[in-house]
There are 2 protein chains.
Amino acid sequence: MSFEFKDLSERKKLILQAIIDAHISGGEPVGSKYLTQNLPISISSATIRNEMAELEEMGLLEQPHTSAGRVPSEYGYRFYVNSLMKGYEMTMKEIDELNRLTKSKQEKLDHILESAAKLMGNMTNYTALAFKGNTPTTVVTQFKTMRMGVGKFLLVMMTSDENVQTKVINHGFEVTDEALSRLEAVLNKYLCNVDLEQVTLSLISEMERAVGLEAASLINPIVKGVYDVINQNAMGELKFQGVDRLLQYPEFSDIGRFRGLLGAIEKKDDILDIVSHSKKDEINVYIGSENSVDVMNNSTLIFRTITQGDKVVGAIGVIGPCRMDYSKVIATVDYLSRNIQQMMDNDKLLPDKESEDKK
Amino acid sequence: MSFEFKDLSERKKLILQAIIDAHISGGEPVGSKYLTQNLPISISSATIRNEMAELEEMGLLEQPHTSAGRVPSEYGYRFYVNSLMKGYEMTMKEIDELNRLTKSKQEKLDHILESAAKLMGNMTNYTALAFKGNTPTTVVTQFKTMRMGVGKFLLVMMTSDENVQTKVINHGFEVTDEALSRLEAVLNKYLCNVDLEQVTLSLISEMERAVGLEAASLINPIVKGVYDVINQNAMGELKFQGVDRLLQYPEFSDIGRFRGLLGAIEKKDDILDIVSHSKKDEINVYIGSENSVDVMNNSTLIFRTITQGDKVVGAIGVIGPCRMDYSKVIATVDYLSRNIQQMMDNDKLLPDKESEDKK
DNA sequence: GATTAGCACTTAAAGCGTTTGAGTGCTAAA
DNA sequence: TTTAGCACTCAAACGCTTTAAGTGCTAATC
């Protein structure tokens with residue numbers, strides 16, 4: 001999907017850039033007359049028309065109809081993003097806003113991601129997305145039981161992705177302390193670091209034997225609980241913020257088109273799929289039909305993943321029309337995701353963050 | 001906000017009902033000619049016109065313009081819902097679908113509510129909402145600590161609404177077992193059943209003294225953790241499903257109007273406000289401007305709360321245009337919410353559900 | 001050979017008057 | 001009280017014209 005356009009004359013580049021810049025900010029097709037007054041070089045409209053015709057032939061521009069100006073094609077945007085676009089200079093105000101967030105030292109990654117996405121959405125005026133990943137191959141690394149009052153106890157499970165999950169187990173009858181700690185020992189012996197596929201019926205009956213008559217009936221619901229914990233969010237969580245902003249762009253004034261996109265945003269799985277198959281540690285830009293979800297053909301998706309080691313633990317980005325302020329969006333996503341990445345990396349070096357800022 | 005229309009002649013009722021039924025299913029204004037052929041009684045179009053003029057004078061009907069038919073006003077819908085509407089007879093297929101859900105014995109209330117809402121949305125073709133409430137005045141009833149590996153431990157908090165929350169505490173230094181159990185005891189002594197407002201600085205330093213030097217630095221992050229746990233979701237959670245369905249109704253083809261509604265759905269707090277101030281144990285129907293959110297003036301909100309004792313623990317419902325199939329929606333919401341309510345009530349009687357279905 | 005002025009051509013969008021048709025309100029008769 | 005009949009209203013559809021922005025092409029110019 002990578003295109004090489006090395007054979008573009010300097011002048012064509014200038015013209016293409018001017019067209020795209022003008023179209024991004026104005027939304028209207030751009031004509032030759034406008035360009036005569038908005039190019040660093042001074043050439044006549046006729047020359048510009050000739051150049052534009054050639055750019056169109058190359059697939060970089062499109063014409064809504066014969067008597068309209070030119071509009072960038074998807075390839076045009078792609079070329080712009082790859083080799084034309086000038087880096088966006090963030091204003092002090094913007095940097096301030098972004099820094100305020102990353103300095104706020106929230107603790108949970110998903111909270112950070114969500115507020116980062118929200119901020120990004122506000123600043124760029126597109127819809128923000130925050131992805132919170134989850135290791136697909138989780139196992140429980142440690143079980144604990146904890147009496148909780150009459151007739152129930154709490155099962156605490158630590159998982160290999162360093163999360164803690166709990167589940168209340170109601171048993172109608174009394175369980176002695178010994179039975180409970182035997183149960184804990186059995187769980188730790190048989191189910192720790194065990195993949196779900198390895199849990200067979202015979203293993204379960206072995207556990208039931210090992211745990212003794214008193215608590216045998218608890219094994220089954222517990223195994224089910226483990227199953228739920230591991231399978232929950234196997235695909236990760238994807239949240240959006242500011243979907244209503246899309247409606248301000250004329251490209252979504254077609255209700256049918258917008259409905260499709262809204263559906264994809266609600267269903268999540270298509271976008272989740274794109275995000276989870278993306279490249280790590282770099283900005284991902286999917287312009288129009290570059291993503292395979294046909295209902296997103298008129299949308300652009302820009303995001304960057306956050307990794308921990310070589311695991312993708314999250315992503316933030318925006319979604320908007322193809323006519324997007326790429327320069328600003330990419331700069332913002334980049335800055336913010338890098339900072340969050342850095343926070344992640346630092347956290348690893350300083351695992352005692354919490355005790356540190358006690359004072 | 002309650003209106004009495006006892007002085008409506010039987011014929012007027014017939015006409016009004018026919019108009020509303022026709023408009024709900026067809027979406028178009030209803031004229032006198034159509035009614036001559038779709039009324040149980042046979043009267044001329046002129047008579048119908050006279051009656052319609054009077055119904056309009058009473059505020060039950062409206063005319064988009066002089067030469068159009070009549071459309072129900074909000075009061076018209078209100079009257080319809082209160083005293084005109086015929087009960088909807090659910091088909092076997094629908095009852096089956098609903099029963100399949102309530103028999104599936106999911107465990108967590110929010111899961112049940114969400115799938116119920118989803119099903120309701122599918123069946124009625126409007127947008128579903130699921131509300132998971134939260135006791136506003138939660139306190140922690142029990143603390144447990146649990147060593148978790150090197151340099152960190154798990155703080156388990158049971159709250160008065162019978163939830164369990166956990167928080168990983170990273171302390172860079174080693175903490176002895178004695179210190180940890182002393183910490184646990186101190187927490188249970190000072191913070192159990194304590195309202196957040198009662199946690200003063202002097203209480204904190206008292207705790208720091210009581211827990212001893214070794215673990216004193218942990219008190220502060222823990223208190224912060226307690227604060228987070230209690231404040232989290234103080235308002236409850238509100239989820240929507242099938243927002244894109246709204247776009248199929250012509251009343252939302254005005255993009256500006258829909259954008260407003262979409263914004264309210266995303267922001268959630270307005271709708272949350274309505275839901276949390278609603279009447280318990282009955283179907284709540286907010287037609288158009290009956291709710292105070294002006295961006296929802298063209299929408300109707302129908303839901304019913306789920307209670308536990310006298311606490312509202314959830315709600316399910318739908319949101320759609322004022323021109324809604326009230327009869328069907330109300331029947332569906334009612335059936336489903338009652339069944340969920342029953343599940344709640346039964347669960348209370350049989351707390352050992354889980355051990356029961358082990359076989 | 002590249003550039004440009006000039007001009008005929010194209011086309012969506014806007015404007016405007018007409019027609020259509022559904023539906024009404026009112027009057028007068030039943 | 002009901003109804004037939006009729007004049008009236010108005011949005012929507014239709015068709016026609018105008019407008020304006022912008023093009024492609026040709027021939028002249030640099």
Side-chain angles (χ1 to χ4, degrees), chain A residues 7-16 18-23 25-73 76 250-251 253-254, chain B residues 7-16 18-23 25-73 76 250-251 253-254:
Chain A
D7 49 349
L8 264 202
S9 75
E10 214 44 50
R11 195 169 66 180
K12 279 201 180 58
K13 285 187 190 173
L14 282 176
I15 291 175
L16 183 57
I19 290 176
I20 296 183
D21 284 338
H23 182 66
S25 64
E28 300 284 290
V30 182
S32 56
K33 193 176 164 191
Y34 168 88
L35 288 173
T36 55
Q37 292 165 342
N38 289 75
L39 276 180
I41 55 177
S42 136
I43 44 178
S44 77
S45 64
T47 311
I48 294 174
R49 280 200 290 281
N50 289 331
E51 294 283 47
M52 289 199 296
E54 286 176 40
L55 285 168
E56 183 170 357
E57 203 147 320
M58 295 176 177
L60 291 160
L61 292 179
E62 278 168 2
Q63 226 176 346
H65 56 266
T66 335
S67 71
R70 297 306 205 291
V71 156
S73 69
E251 24 277 269
S253 60
D254 177 332
Chain B
D7 49 351
L8 264 203
S9 74
E10 214 46 46
R11 194 170 68 181
K12 279 202 177 60
K13 285 188 190 170
L14 281 177
I15 292 175
L16 182 57
I19 290 177
I20 296 184
D21 283 338
H23 185 251
S25 65
E28 300 284 289
V30 182
S32 56
K33 193 177 160 190
Y34 168 87
L35 289 173
T36 54
Q37 291 165 342
N38 290 75
L39 276 180
I41 53 176
S42 133
I43 44 178
S44 76
S45 64
T47 311
I48 294 175
R49 281 201 290 281
N50 288 331
E51 293 282 50
M52 288 199 296
E54 285 175 42
L55 285 167
E56 182 171 0
E57 202 146 319
M58 294 176 177
L60 291 162
L61 292 179
E62 277 168 1
Q63 227 176 346
H65 58 265
T66 335
S67 70
R70 299 305 207 291
V71 155
S73 70
E251 22 278 269
S253 61
D254 176 333

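What's counted below: heavy atoms across the whole structure, side chains too, no hydrogens, waters or symmetry copies. Just so we're on the same page: letters track the sequence lines, and every chain starts at 1.
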Engineer: With nearest nucleotides of DNA chain D determined for B:Pro64 and B:Arg11 from heavy-atom distances, which residue corresponds to the more 5′ nucleotide?
Structural biologist: B:Arg11
Engineer: How close do B:Pro72 and B:Leu61 get, counting heavy atoms only, and between which atoms?
Structural biologist: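 B:Pro72 and B:Leu61 have their closest heavy atoms at CA-CD2, 4.0 Å.
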Engineer: So, under a plain 3.5 Å distance rule, would you say the side chain of B:Arg70 forms a donor-acceptor pair with the base of C:dG25?
Structural biologist: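 Under the 3.5 Å cut-off, the side chain and the base do not form any donor-acceptor pair.
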Engineer: Atom CD1 of B:Ile41 to atom P of D:dT1: distance rounded to whole Å?
Structural biologist: 15 Å
Engineer: Find the distance B:Ile48:CD1 to D:dT3:C1' and express it as a whole number of Å.
Structural biologist: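 Going from CD1 in B:Ile48 over to C1' in D:dT3 covers 11 Å.
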Engineer: Can you measure A:His65 atom NE2 to D:dG22 atom P for me and round it to whole angstrom units?
Structural biologist: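 Computing the A:His65:NE2 to D:dG22:P distance gives 9 Å.
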Engineer: Rounded to the Å, how far apart are B:Leu39 CG and D:dT2 C1'?
Structural biologist: 15 Å
Engineer: Pick the nucleotide of DNA chain D nearest each of B:Ser44 and B:Thr66; which residue has the one closer to the 5' end?
Structural biologist: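 The residue whose closest nucleotide sits nearer the 5' end is B:Ser44.
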Engineer: How far does CD of A:Gln63 sit from NE2 of A:His65, to the nearest 0.5 angstrom?
Structural biologist: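 Taking CD in A:Gln63 and NE2 in A:His65, the distance rounds to 8.0 Å.
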Engineer: Report the nucleotide, chosen from D:dT2, D:dG24, C:dC26, that has the shortest atom-to-atom distance to any side-chain atom of B:Arg49.
Structural biologist: C:dC26
Engineer: For the side chain of B:Thr47, counting heavy atoms from C-beta on, which of C:dT4, D:dT3, C:dG25 is nearest?
Structural biologist: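 Of C:dT4, D:dT3, C:dG25, D:dT3 is nearest to the side chain of B:Thr47.
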Engineer: Going through the checks in order, is the side chain to side chain contact (heavy atoms under 4.5 Å, CB included) test met by B:Leu35 and B:Ile43?
Structural biologist: CA-CA 9 Å; B:Leu35 289 173; B:Ile43 44 178; over 6 Å; no
Engineer: Output the rounded distance in Å from CG (A:Asn50) to P (D:dA27).
Structural biologist: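 To the nearest whole Å, that distance equals 15 Å.
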Engineer: May I have the distance from B:Glu56 (atom CD) to C:dC26 (atom P), rounded to whole angstrom?
Structural biologist: 11 Å
Engineer: Does A:Ser67 contact C:dT11 through a side-chain donor or acceptor facing the base, at a distance under 3.5 Å?
Structural biologist: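 Yes, the side chain and the base share a sub-3.5 Å donor-acceptor pair.
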Engineer: What integer distance in Å separates A:Met52:CE from C:dT4:C1'?
Structural biologist: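 So the CE-C1' distance, A:Met52 to C:dT4, works out to 15 Å.
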Engineer: Can you tell me how far apart CD1 (B:Ile20) and CG (B:Leu60) are? Round to the nearest 0.5 Å.
Structural biologist: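 The distance works out to 7.5 Å.
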Engineer: About how many Å separate CD1 of A:Ile48 and CG of A:Leu14, when rounded to the nearest 0.5 Å?
Structural biologist: 10.5 Å
Engineer: To the nearest Å, give me how far apart CD (B:Glu28) and C1' (D:dA12) are.
Structural biologist: 12 Å
